[in-house]
Every structure is written in C-alpha cells, then in structure tokens.
Protein chains: 2
Amino acid sequence: MPSKPRPPGREPEPEPTSPAADAILNAAEELFARSGFERTTIKEIARRAKVNSALLYYYFGDKTTLYRTVLTRLVLGLRQQGRLSAARPGDVPQVIGGIVEAQRQMLLRHPRAAVLLFREMIDHNAAHAHGLIQEIAAELFRPACLAIENGKRDGTVRPDVDSRFAAISTIAQLAYFMLARPAVRLLMDTGADYPAPSDLAAFGRHAADFAVHAISVAPPRSRTTKKRAGKESGR
Amino acid sequence: MPSKPRPPGREPEPEPTSPAADAILNAAEELFARSGFERTTIKEIARRAKVNSALLYYYFGDKTTLYRTVLTRLVLGLRQQGRLSAARPGDVPQVIGGIVEAQRQMLLRHPRAAVLLFREMIDHNAAHAHGLIQEIAAELFRPACLAIENGKRDGTVRPDVDSRFAAISTIAQLAYFMLARPAVRLLMDTGADYPAPSDLAAFGRHAADFAVHAISVAPPRSRTTKKRAGKESGR
DNA sequence: GTCTATACGGGGATAGAC
DNA sequence: GTCTATCCCCGTATAGAC
C-alpha cells in the first residue's frame, strides 16, 4: 500500500498489513504484554521482529499508535474467533459455564491479551482501550447479568443477589487466578510453570461451580463430584 | 542519624527516618502506586516531596532501593495496624467475613497498597516483594484454607470443594473489583469516582455472602437480606 | 544534610541515502 | 520500503561546594 503508508489519523487501522508490519505487531504484542508500554523500547521490538527500528515509524508513526494498533488487532482477533461470545442464553449454570469457558479459552490461546488489557486498565486507566473493554463487557458481563436476572424471576437464583455484583465475582475468579500468579503459586506451593493448561481447566471448573452455588437458591445438581454434565466440547 | 546515612546493604531498612526521608517515602508511595516504577521519575518524587532530587540518592542510594523501601514500609505499616490479621478462627462464615473485611479495610485505608502490590506482581513477577506477598498470603489465604478444611470435616462445607481454589475465589472478588475499576465502572454505569467507600462496603458484603453460599452444603442463614448479623464495628 | 551543576546513557524520533 | 546515521530530550546518578 504505497499510497497510504502512514495514516495521519488517530485511530489505528487494522488493515491489510505487510509482512514486515505483521512481524512488528507480533513482536510488539509479545513485548508489551511482557513488560508493559513504557518498559518496552522501539529498538527492542525492532530487534525481535528482525527489522530496522526506523521501520516502526514508517508503518505506525509513533510508539503510541503502534501500541493502540496492537490492542485493537488483539480484540479484533478475539472477536473473529468468537472467543468472547461463548455465552449463549440458557439456564444459569449453562450461561455461567459458558462465560467461564470463554474466559478460559481466551487465557489459554491469548495469554498476552489478558495481561495487556489489565495492564492498560491499571497503567492508563484504560484510556487506550475504552472501546475494547466495552466490547468485552458486552460479551461477558451483560449475558451474565441477564441470565442471573432471569434466574431470579424463575426462582432458581436467590432474590437477594445483586446480578451485577455476581457477574463481577464470577469473572473475577479466573482473571485473578492468572494475574496474581505469584501469589497463587505461593499458595498452591508450585513452581514457576504452575498454571499449566490442565490447572487452568481445573480452576475453571471450580470457578463455574463456585459461582453457580453462590447464587442458586438450592444446591444444583453437582457437576464436578461424580459425573460431569456433558461438557459441550467447545469450538 | 549522622553516622549511618546511606546503608550500603541491600535490604532496605524500615528504620527511624528523618522528616525529609519520610516526605520522600510518602511522595514515592503515592507516585509509584499511581504510575508504576518506571514511569515515576526521581525528579517527580523530589518535587512532590519538596526536597532536592539529590537527597533521594543520599538517603536511599538508588531508585530501586527507594522502591523496595516503600514496599516494605507499606506492609510493615499494614502489619502493625493488624489490617491483615482480621481473620481469627471461627466458623466458615465468620472467617470469610473477617477476611473480606480485612481486605476492605486495607483497600479503604491504603488504596495505594493494593495497586502497588499488584503492579509488582504483573510488572516484575513480584521480584521485589516476595517476602511481602508471602506475608499477605499467610494472613489471608491460609486462614481461609484452614477454615474451609475444618468446615469440610464438620460437614458445613461441601466435600468436593477445593479449599485453596475456594480461598483464591474468595479473595479474587474484592481485588478484582478495585483493580479492574474501568471495567467495573462500565458495568455499573457510574462515573469516575465510583467505588466510593459505601460502594466498597456494599460489594464487600456481597463478596462474603457469595463465597459463603458458594461452598456451604446448605444455604446458611442469610446475612444480608433482612437483618445484618451484628457487624463488628472495627474500632 | 542540602544544594548546584553536570556527566552519562538510553530511548523516541527524524533526515535522507539507497 | 528499508537502512544508516544522528539529533535531542530526559532520566539516573555523581561530584563537590556549602
């Protein structure tokens, strides 16, 4: 795209990218997630992407734009893969299971995404990612709230449960599990590689169970003790 | 203390400090929490503390030592005030209530501490704060695990609950509530000042309730619907 | 103990050749 | 489009006067 190499606009465009630009974005995503925006240097990204550091300016104008582009590309990718929308309507255990499963999938396949978005929240108060967080909220929080409200109406959820608070508590579990890794490792008394995929899955099952029991009026049919309810094989 | 102005050792000492050193520490705590280690500059800290920037080197040697000192002082302060050890033995609802209350108190009175520790975890993998996180784990996680295990023995807690996972889920709630503020605000549809103390208290009550119901065999006496169990008015 | 002045390095960004 | 060379600012840290 020789005619519009350096878009002067503000919103980064997730356009057809050249191989070099792609390499830059991949390297940047990796490094931004690992070290955060300020600690990651342009030169470091260039080295990792095996391109000249001046190229980053040719393609992205400046460091901030590169960062924003990484962020949007990430969420765009997540959306395309439908990772965020695993929550379809249904009864409360189904919806909560779907939401936790969506989280798990996202953490599993895009471990950097979670860190990146969280960093963005506490580093910049989500200033660079308002739209993206909105998207996630819509895909995760809102279905949870709806399902819980429905559950309250049909009597399966305790009437004194605040649906939005409950949604937060539900989602908080897996997020914290991954983000507070050092603390979790300490508690679980495990090594640096602890949250292996199987551990993540185990905690995910716990989290869904925990949340369902937390809001239900009567203990629902246990899904983890003897036989698991037919786990809808994702994808 | 003219004889030992600049301790050459590595471990920062939470010693009797001069007024200037105190001012520096206060300013540093504030700024490190707000912007993180790398974005905060020595000169910025000096300006805020109203001292000359060279003084920081006189007292603390370098930026990293200053940072570590801030971290230790913080946890030392928390420990002295007993903020971390609100968890005394008792039945499950009591212990969980105590833990959540301890978290709430800490978030309320030392809002920077939580951000600082969390930043340290995701920025540096807790490299500067191993001991401190260990301390918190001991004061928060372990009592929770013990209480839950006891509950399993005496039949008040479901036998299929993993006590360590449950402890993580319990603690995750308030932590996430504060750390993911931008997302929470979006969901709650509130302004930038949202988590006011009263909101924090409301969510804390929810969190304790959520966790207790999540692990109990039978729905315990509801503590939030009609009358609140005598909230121990913490000092 | 506190201040001024400054060395030093590194990171973001640009100019311009090819 | 890609590369070399370089500018400039700013942040850490030090030297040394007072």
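The structure presented is a predicted model; accordingly, all values stated were derived computationally and were not measured. Naming convention: chains lettered A, B, ... in sequence-line order (proteins, then strands); numbering from 1 in each chain.
- Using cut-offs of 30° and 60° on the angle between ring planes, the pair B:F210 and A:F210 is tilted.
- Neither side chain, A:H206 nor B:R164, offers a donor N or O lying under 3.5 Å from an acceptor on the other.
- Side-chain polar atoms of B:T69 and B:Y59 form no donor-acceptor pair below 3.5 angstrom.
- Straight-line distance from the CG atom of B:L31 to the P atom of D:dG11: 13 Å, rounded to whole Å.
- The distance between atom CG of B:L56 and atom C1' of C:dT2, rounded to the nearest whole Å, is 12 Å.
- Distance B:Y59 OH to D:dA13 C1': 18 Å, rounded to the nearest Å.
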Item to check | Per-nucleotide protein contact string for nucleotides 4-13 of chain C (B base, S sugar-phosphate only, - none; heavy atom under 4.0 Å) | outcome: B------BBB
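- Between B:H124 and B:F37, the angle of the ring planes goes over 60°, which puts this pair in the perpendicular group of the 30/60° scheme.
- C:dG16 atom P lies 18 Å from atom OH of A:Y58, rounded to whole Å.
- Side-chain contact between B:N125 and A:P182 is present, with heavy atoms from C-beta onward closer than 4.5 Å.
- Atom pair B:R47:CZ and C:dC3:C1' shows a separation of 17 Å (rounding to whole Å applied).
- Atom CZ of A:R34 is separated from atom CG of A:L116 by 13.0 Å, given to the nearest 0.5 angstrom.
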